[in-house]
Amino acid sequence: MGGRCRRGNQSNEQTMSILATLRERFRPVLLSLVDSVDDLLEMIRPAQDARFGDYQANLAMPLAKQLRQSPQEVAQRIVDSLQVDDLCERPEVAGKGFINLRLRCDWLVARLEQAVRDERLGIPRVAAPRTIVVDYSSPNVAKAMHVGHIRSTVIGDAIYRTLQFVGHHVISDNHLGDWGTQFGMIIYGYKHFVAEPAYRAQPVRELGRLYKLVQQLIDYHAAVRELPERERQLGDQQAHVAAQRDAHQAHPQDKKLGKILRDAQQQVAETAAKCDELRGKIAAVEHDPQLAALAREHADIERAVLDQTARLHAGDLENLALWHEFLPLCKADMRRIYDRLGITFDHELGESFYHDRLAAVVQDLTARDLARTSDGAVCVFLPEYDTPMIIRKQDGAFLYATTDLATIQYRMEQWQPDEMLYVVDHRQGEHFGKLFATARLWGYDQVTLRHISFGTVLGEDGRPYRTRSGEVVGLEGLLDEAIRRAHAVVADNDDSKPGGPELSAEQRQEIAQTVGHAALKYADLSHNRTSDYVFSYDKMVALEGNTATYMQYSYARTQSIFQRGNVQVETLRTAGHRILLTQDAERDLALELVQFGDALDKSLEDYRPNVLTAYLFSLATKFSRFYQQCDVLRAESEAVRHSRLVLCDLTGRTIRQGLALLGIGVIDKM
RNA sequence: GCGCCCAUAGCUCAGCUGGAUAGAGCAGCGGACUUCUAAUCCGCAGGUCGCAGGUUCGAAUCCUGCUGGGCGUGCCA
């Protein structure tokens with residue numbers, strides 16, 4: 001072969017992703033034609049259709065305009081002076097001026113043979129590592145984690161792992177909600193309602209019950225207060241609808257009136273639903289004599305809870321002691337779930353950590369004239385927003401925004417990051433917009449602050465995912481169910497193996513865990529993070545098509561071949577076997593393998609894990625086809641057999657590595 | 001009212017800063033197990049890319065308007 005060092009000492013091109021390599025080859029050619037070439041280089045991309053080769057450059061068309069020549073002519077000029085003969089076949093100009101590139105087989109082979117010998121599969125570390133803080137998960141420790149926490153946790157973890165793999169200095173920080181009203185609620189609940197034996201037996205469970213109880217009582221009083229106003233509103237809106245209906249009937253063809261009527265009707269429906277909800281909350285308490293009694297005794301519970309919170313924040317010894325007692329319990333409980341998911345953080349600096357810095361933040365912003373008092377609250381007014389960011393309430397309390405500012409300040413002092421990523425749902429977009437704008441005014445204008453937003457997890461009815469009774473779905477139950485279903489499939493498949501079952505009960509259980517957790521994570525990661533997605537157990541654990549299981553299955557097949565063939569993988573890697581790409585399926589697989597780096601680059605471009613899942617799915621598909629069409633162990637010759645074994649090994653390693661970056665594990669046998 | 005987001009095949013979704021005949025998976029139909037795991041593979045069928053204009057050599061992609069939906073909107077996080 002010998003082609004792999006053809007350009008040897010020239011650059012680190014050997015390890016660059018293919019796209020980057022191709023772009024560097026185009027750069028000098030384009031620079032000889034025009035001044036600004038970066039946008040044009042972006043127009044080199046993987047071919048959409050195999051008929052157009054492996055890569056295509058679409059830059060001749062826009063260039064033709066500037067140069068006042070025909071696109072075909074421009075394309076031909078570029079091709080004529082393009083130096084790619086070592087890595088591509090002769091480039092072709094096609095259609096309206098597309099340049100089609102097909103990689104040479106010997107170049108592909110050289111790439112692969114290099115990857116075989118490299119622990120990192122030939123993926124280089126970035127030349128200029130950045131320090132990046134990734135802020136994700138961030139649950140309220142006082143509440144059990146629920147379905148709403150999956151996306152932030154899983155997406156954040158995948159971004160963290162991927163950034164780390166490509167060589168950045170990444171710091172993960174779980175910004176726990178450990179200091180807010182939730183703790184005031186628990187403290188109040190503990191002081192008034194605790195069942196001591198239950199607390200001694202299962203403290204977190206009892207704290208959870210207290211939290212819910214206090215919440216219910218607060219909701220009750222709020223509902224009692226709010227209902228009359230809502231009913232009055234409903235009456236007004238119904239009268240409005242009646243008036244609009246008359247108007248509409250008088251002018252049935254007037255579209256505007258029709259729309260006004262529909263809007264009014266919709267408002268009525270919304271208000272009616274709201275009233276029902278409030279009545280439901282009231283009824284739930286009043287129909288239960290014990291709850292009703294508690295509600296009467298604790299008429300002032302809302303204010304009392306705020307008071308407990310305020311006392312905690314003010315350093316009240318009793319409340320602080322309770323907080324110190326509860327927090328480790330809650331955190332340990334939370335840790336259990338993270339352990340199951342295989343997620344760790346470099347730091348868990350919760351809201352409480354920043355408590356001492358909040359007053360200074362407000363003071364500093366005020367001193368710099370960035371904040372001023374308005375209606376008794378300290379506000380930062382921003383030109384691009386109608387409403388200010390409030391950093392201290394009328395009553396003197398600090399807010400989420402204040403803590404976030406203190407957090408930015410701390411992170412900048414402590415870690416001097418180049419970038420901070422907040423993996424938080426899209427509803428907080430405006431909050432982060434204001435936060436970042438304020439931070440920049442405050443002087444943090446060098447760091448890149450980014451809100452990595454994501455959509456809501458919906459139920460199959462298209463509404464935010466809830467249980468049938470309307471409660472949020474606990475994360476732990478979700479995991480259990482995923483594993484239960486995975487187990488059923490694993491057992492079923494094992495039972496139906498041609499040679500009879502191969503797995504022990506323990507193995508099945510272990511596999512079910514890996515497969516179940518993977519299914520849950522993958523369902524999330526494979527969707528574009530910015531869109532809402534419909535959660536479905538059936539789809540998630542379908543275990544076929546574009547799922548983690550399909551990849552895990554592909555991986556298991558690679559390992560199974562080694563086992564059946566008694567192949568020592570270490571020996572295989574060091575033996576220097578040549579890779580032979582004779583069948584289409586082999587070349588397709590080879591091309592896909594070599595594009596791992598491209599996939600990582602693209603996935604990180606906009607922090608979209610679904611780019612990586614799409615790559616892995618495509619790789620697994622190419623492997624399945626190869627597996628189907630090319631005998632490995634019974635290959636026609638030793639040379640082909642070795643070549644194919646090496647391809648299997650590379651595929652297995654790439655799948656394992658790719659899934660690892662998504663926080664998903666593999667199993668040798670399933 | 002204002003602001004942000006969304007609308008692509010029966011269903012769930014991709015579609016990268018505008019590029020060649022819009023792609024997957026599921027569901028449907030038809031094939032392939034004496035075979036390294038059939039959790040697979042091959043084929044067929046299925047779309048006026050919400051509607052109407054505009055920008056351009058070229059628009060699912062950019063702009064405007066409209067329709068339908070979601071979310072946010074001064075002291076929650």
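Order of the sequence lines fixes the chain letters, A, B, ..., with proteins taken first and strands second; residue numbering starts at 1 for each chain.
When ring centroids are compared, A/F52 and A/F98 stay outside the 6.0 Å threshold.
Across all their heavy atoms, A/W179 and A/H313 have their closest contact at O-NE2, 2.6 Å.
A stacking contact between A/F617 and B/rA24 is absent: the pair does not combine a ring-centre distance of less than 5.5 Å to the base's six-membered ring with planes differing by less than 30°. Residue-nucleotide stacking is present for A/F52 and B/rA20, judged by a side-chain ring centre under 5.5 Å from the six-membered base ring centre and planes under 30° apart.
At a threshold of 4.0 Å, the pair A/K622-A/D588 does not count as salt-bridged, since none of the basic side-chain nitrogens sits closer than that to a carboxylate oxygen.
At the heavy-atom level, A/N546 lies under 4.0 Å from the strands shown only through sugar-phosphate atoms. Using a 4.0 Å heavy-atom distance criterion, A/C379 is classed as a base contact. Using a 4.0 Å heavy-atom distance criterion, A/N528 is classed as a sugar-phosphate-only contact. Contacts of A/A94 with the nucleic acid, taken as non-hydrogen atoms under 4.0 Å apart, include base atoms. No engagement by A/E502 is indicated, since no non-hydrogen atom pair under 4.0 Å with the nucleic acid exists. Here A/Q428 lies in heavy-atom contact (under 4.0 Å) with a base. Among the atoms of the strands shown, base atoms are found under 4.0 Å from some heavy atom of A/V632. Across all strands, A/D49 comes closer than 4.0 Å to no nucleic acid atom at all (heavy-atom distances). In this structure, A/R608 reaches the sugar-phosphate backbone alone: every heavy-atom distance under 4.0 Å involves primed, P, OP1 or OP2 atoms, never a base. Within 4.0 Å (heavy atoms only), A/D38 reaches no atom of the nucleic acid at all. A/D375 comes within contact range of at least one nucleobase, with a heavy-atom separation under 4.0 Å. Using a 4.0 Å heavy-atom cutoff across all strands shown, A/P46 reaches no nucleic acid atom at all. Across all strands shown, A/T549 has heavy atoms under 4.0 Å from base atoms, whether or not it also approaches the sugar-phosphate. At a threshold of 4.0 angstrom between heavy atoms, the contacts of A/Y385 with the nucleic acid are absent.
Nearest nucleotide to the A/V534 side chain, out of B/rA39, B/rC41, B/rU12: B/rU12. Each of B/rC36, B/rA39, B/rG18 was ranked by its minimum atom distance to the side chain of A/E544; first place goes to B/rA39. Among the nucleotides B/rC36, B/rA77, B/rG72, the one closest to the side chain of A/E430 is B/rG72. For A/F381, counting side-chain heavy atoms from C-beta on, the closest listed nucleotide (B/rC36, B/rG74, B/rG19) is B/rG74. In the set B/rA20, B/rG74, B/rA14, the nucleotide with an atom closest to the side chain of A/I390 is B/rG74. Proximity note for A/H527 (side chain, C-beta onward) versus B/rA77, B/rU37, B/rC13: the nearest is B/rC13. Taking every side-chain heavy atom of A/I561 into account, B/rC36 is the closest of B/rA14, B/rC41, B/rC36. Relative to the side chain of A/E605, the nucleotides B/rC16, B/rA14, B/rC76 differ in distance, and B/rC16 lies closest. Distance from the side chain of A/F98 is smallest to B/rA20 among B/rG15, B/rC76, B/rA20.
Between A/R564 and the phosphate of B/rU37, there is a side-chain N or O to OP1/OP2 separation shorter than 4.0 Å. Note on A/T387: every side-chain N or O is 4.0 Å or more away from OP1 and OP2 of B/rC2. Checking the phosphate oxygens (OP1, OP2) of B/rG19, a side-chain nitrogen or oxygen of A/R45 falls inside 4.0 Å. For the OP1/OP2 pair of B/rA39 and a distance below 4.0 Å, the side-chain nitrogens and oxygens of A/Y553 include at least one atom meeting the criterion. Here A/R392 does not reach the OP1 or OP2 of B/rC75: none of its side-chain N or O atoms lies under 4.0 Å away.
Evaluation of atom-type donor-acceptor distances gives no pair under 3.5 Å for the side chain of A/D425 against the base of B/rA77. On a pure distance criterion of 3.5 Å, a polar donor-acceptor pair joins the side chain of A/R51 and the base of B/rU21. Side-chain atoms of A/T456 and base atoms of B/rG70 include no donor and acceptor less than 3.5 Å apart.
Within the 4.5 Å cutoff, no side-chain heavy atoms of A/V378 are placed close to those of A/R372. Side-chain contact check for A/C330 versus A/D178: every heavy-atom pair is 4.5 Å or farther apart. Using a 4.5 Å heavy-atom threshold, the side chains of A/T403 and A/H175 count as touching.
At least one donor-acceptor pair closer than 3.5 Å links the side chain of A/N528 to the backbone N or O of A/T530. A distance-only check finds no donor-acceptor pair linking the side chain of A/H355 to the backbone of A/E351 [under 3.5 Å].
Nearest-nucleotide assignment on RNA chain B puts the 5′-proximal partner with A/R427, out of A/R427 and A/A377. Heavy-atom nearest nucleotides on RNA chain B were determined for A/T530 and for A/M43, and the one closer to the 5' end corresponds to A/T530.
Put simply, CD on A/E42 is 14 Å from C1' on B/rG18, counting in whole angstrom units. Taking atom OH of A/Y465 as the reference point, atom C1' of B/rU12 lies 15 Å away to the nearest angstrom. As rounded to whole Å, 15 Å separates atom P of B/rA59 from atom CD of A/Q48. Following rounding to the nearest Å, A/L63 (CG) and B/rG58 (P) show an atom-to-atom distance of 18 Å.
Separating the C1' atom of B/rU17 from that of B/rA59 is a span of 14 Å, rounded to the nearest Å. The same atom, P, is picked in B/rU8 and in B/rC13; the two are 10 Å apart, to the nearest Å. Comparing the P positions of B/rG3 and B/rG25 gives an interatomic distance of 42 Å, to the nearest angstrom. Spacing of C1' atoms, B/rA39 relative to B/rC26, comes out at 14 Å, to the nearest Å.
With both pairing distances under 3.5 Å, B/rG65 is matched to B/rC51 as a Watson-Crick or G-U wobble pair. Checking B/rC26 for Watson-Crick or G-U wobble geometry (two distances, each under 3.5 Å) identifies B/rG10 as its partner. In a base pair of the Watson-Crick type (N1 to N3 plus N6-O4 or O6-N4) or a G-U wobble (N1-O2 and O6-N3), with each distance short of 3.5 Å, B/rA39 is matched with no nucleotide. Pairing partner, B/rG1: B/rU73, with both Watson-Crick or wobble hydrogen-bond distances short of 3.5 Å.
Side-chain contact check for A/D135 and A/S138: at least one donor-acceptor pair (N or O, by modelled atom type) lies under 3.5 Å.
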